[in-house]
Amino acid sequence: MQQAYKDGAIDPESLTASTKIAREKWFSNDQKGSSGVFTYWAGTWYQTLTDNLIKNEVNEELVQLPPIAETGKYLNREAPVWVIIDDGDGDNAREQAIFDALIETMMDGDVVQTLWTYGAEDVHWSTKAETFTTNPGTDNEKVYEYEDGVFHLKPSPNDPNSVWKKNYIDPALVVCELTNGYADATELAVAGNKFFTENCVDAPQAPSSETYTNETGTIYDAQLAVITEVVVNGGDVDAAMDNYVATVGSIIDQCLSEMNTAQ
């Protein structure tokens, strides 16, 4: 990494740039300082990144890279979940009511799940006959034409040159399938999911650690200091790591102890 940074193969701002900035630099039509390879979400992001490259008039051909041999497989990480907090009154009526009104209905496979997945009818999606064009008058012009009764997504309300993709629930990652036949996965999204599925392994259950929860910022700062000293400043690896151990070594030991004994 030290040599790659020195040679300019690593974005000089990669240590401080947010994910949003790194992503936007990557598909910007000003490719100076942009990264050529980076890790990102599978599934619909294959389509999203392609769409943004096209919009910015950058070569849209993407290549999905198999996992580096030494790492084995990509990790299919645990998904975030909805939870209902117990109010501690000894009565589950309130919790059950929340489940029935929210989670149960958003997984009904029909009307409400469609709202959570695709948004509002005739705003974000429709089954009415219509024709619309994105990027008219450019090399990326594309005409969409649908017959009456065919489910399809409409132009995005905040960007008429892109097609709406989802509301909240990702249609490519659903737990409960829609029973009304409404599905609009693009070829690229399907290809992205297939590639990831063939090259991933489920991540192990993440053990909890109260110390890690409280000290994440401290550990990250120490980690960033090592990378900055070695990669950016060209410093000695061993000296930087000695400083890292002296700064957060005892915290790391406590985190590992808690994780290794977690039930």
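Numbers here simply count residues along the sequence, with the first being 1.
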[X] (side chain) donor-acceptor with [Y] (main chain) under 3.5 angstrom:
X	Y	value
Asp170	Lys166	no
Thr179	Gly109	yes
Thr71	Pro67	no
Ser257	Asp253	no
Gln2	Val230	yes
Asp91	Ala93	yes

What closest approach, in Å, do [X] and [Y] show between heavy atoms, and which atom pair accounts for it?
X	Y	result
Ser28	Val58	O-CG2, 3.5 Å
Ala262	Ser208	CB-O, 3.9 Å
Ser209	Cys255	OG-CA, 3.7 Å
Gln64	Ala191	NE2-O, 4.0 Å
Asp110	Leu178	O-CD2, 3.8 Å
Asn52	Thr48	ND2-O, 2.9 Å

Quick check: are there more than 12 heavy atoms from other residues, nucleotides or ligands sitting under 6.0 Å from [atom1] of [X]?
X	atom1	answer
Phe195	CZ	yes
Glu141	CD	yes
Glu121	CD	yes
Tyr220	OH	no
Asp139	CG	no

Within the 4.5 Å heavy-atom criterion, are [X] and [Y] side-chain neighbours or not?
X	Y	result
Trp45	Gln47	no
Tyr146	Thr131	no
Val232	Ile227	no

Can you tell me how far apart [atom1] ([X]) and [atom2] ([Y]) are? Round to the nearest 0.5 Å.
X	Y	atom1	atom2	answer
Thr133	Glu145	OG1	CD	9.5 Å
Lys154	Ser126	NZ	OG	5.5 Å
Asn167	Gln113	CG	CD	12.0 Å
Tyr5	Asn233	OH	CG	8.0 Å
Thr247	Asp242	OG1	CG	10.5 Å
Asp202	Leu75	CG	CG	9.0 Å

- Query: Just one of Asn135, Asp159, Asn161, Asn140 clears the side-chain hydrogen bond (donor to acceptor under 3.5 Å, both in side chains) bar with Lys55, so which one?
  - Reply: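 Considering Asn135, Asp159, Asn161, Asn140, a side-chain hydrogen bond (donor to acceptor under 3.5 Å, both in side chains) with Lys55 is found only for Asp159.
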- Item | side chain to side chain contact (heavy atoms under 4.5 Å, CB included) between Glu95 and Ile98, worked out | CA-CA 5 Å; Glu95 291 81 359; Ile98 294 173; 5.7 Å; no
- Which class fits the ring pair Tyr182 and Phe151: parallel under 30°, tilted 30 to 60°, perpendicular over 60°?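 Parallel, since the angle between the ring planes stays under 30°.
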- Task: Report the relative orientation of the aromatic rings in Tyr168 and Trp116; use parallel for angles under 30°, tilted for 30 to 60°, perpendicular for over 60°.
- Result: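 Perpendicular, since the angle between the ring planes exceeds 60°.
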- Ion pair present between Asp30 and Lys25, side-chain N to carboxylate O less than 4.0 angstrom? no
- Message: Any carboxylate oxygen within less than 4.0 angstrom of a Lys/Arg side-chain nitrogen, looking at Lys128 and Asp148?
- Response: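 So Lys128 does not pair with Asp148 through a salt bridge.
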- Task: Please report the C-alpha distance between His124 and Tyr118 in whole Å, then the side-chain angles of each, then the deciding distance to 0.1 Å, and finally whether the ring pair (Phe, Tyr, Trp, His ring centres under 6.0 Å) criterion is met.
- Result: CA-CA 7 Å; His124 301 101; Tyr118 292 116; over 10 Å; no
- Query: Between Thr211 and Glu258, does a side chain to side chain donor-acceptor pair (under 3.5 Å) hold up when you go through it step by step?
  - Reply: CA-CA 8 Å; Thr211 300; Glu258 293 173 7; 2.5 Å; yes
- What's the verdict on side chain to side chain contact (heavy atoms under 4.5 Å, CB included) for Tyr212 and Ile251, showing C-alpha distance, side-chain angles and the deciding distance? CA-CA 8 Å; Tyr212 182 75; Ile251 297 176; over 6 Å; no
Say whether [X] and [Y] are linked into one hydrophobic cluster, either directly or through other cluster members, by side-chain heavy-atom distances under 4.5 angstrom.
X	Y	result
Val163	Val143	no
Met241	Ile252	yes
Trp125	Val150	yes
Val190	Phe196	no
Trp82	Phe99	yes

- Message: Walk me through whether Phe27 and Thr50 qualify under side chain to side chain contact (heavy atoms under 4.5 Å, CB included).
- Response: CA-CA 9 Å; Phe27 52 60; Thr50 299; over 6 Å; no
- Between Glu215 and Thr218, do the side chains contain an N or O donor and an N or O acceptor separated by less than 3.5 Å? yes
- Item | Derivation and outcome, side chain to side chain contact (heavy atoms under 4.5 Å, CB included), residues Leu62 and Leu49 | CA-CA 9 Å; Leu62 297 179; Leu49 293 173; 3.9 Å; yes
- Message: Walk me through whether Asp51 and Lys165 qualify under salt bridge (Lys or Arg N to Asp or Glu O under 4.0 Å).
- Response: CA-CA 11 Å; Asp51 290 344; Lys165 296 178 177 63; 3.2 Å; yes
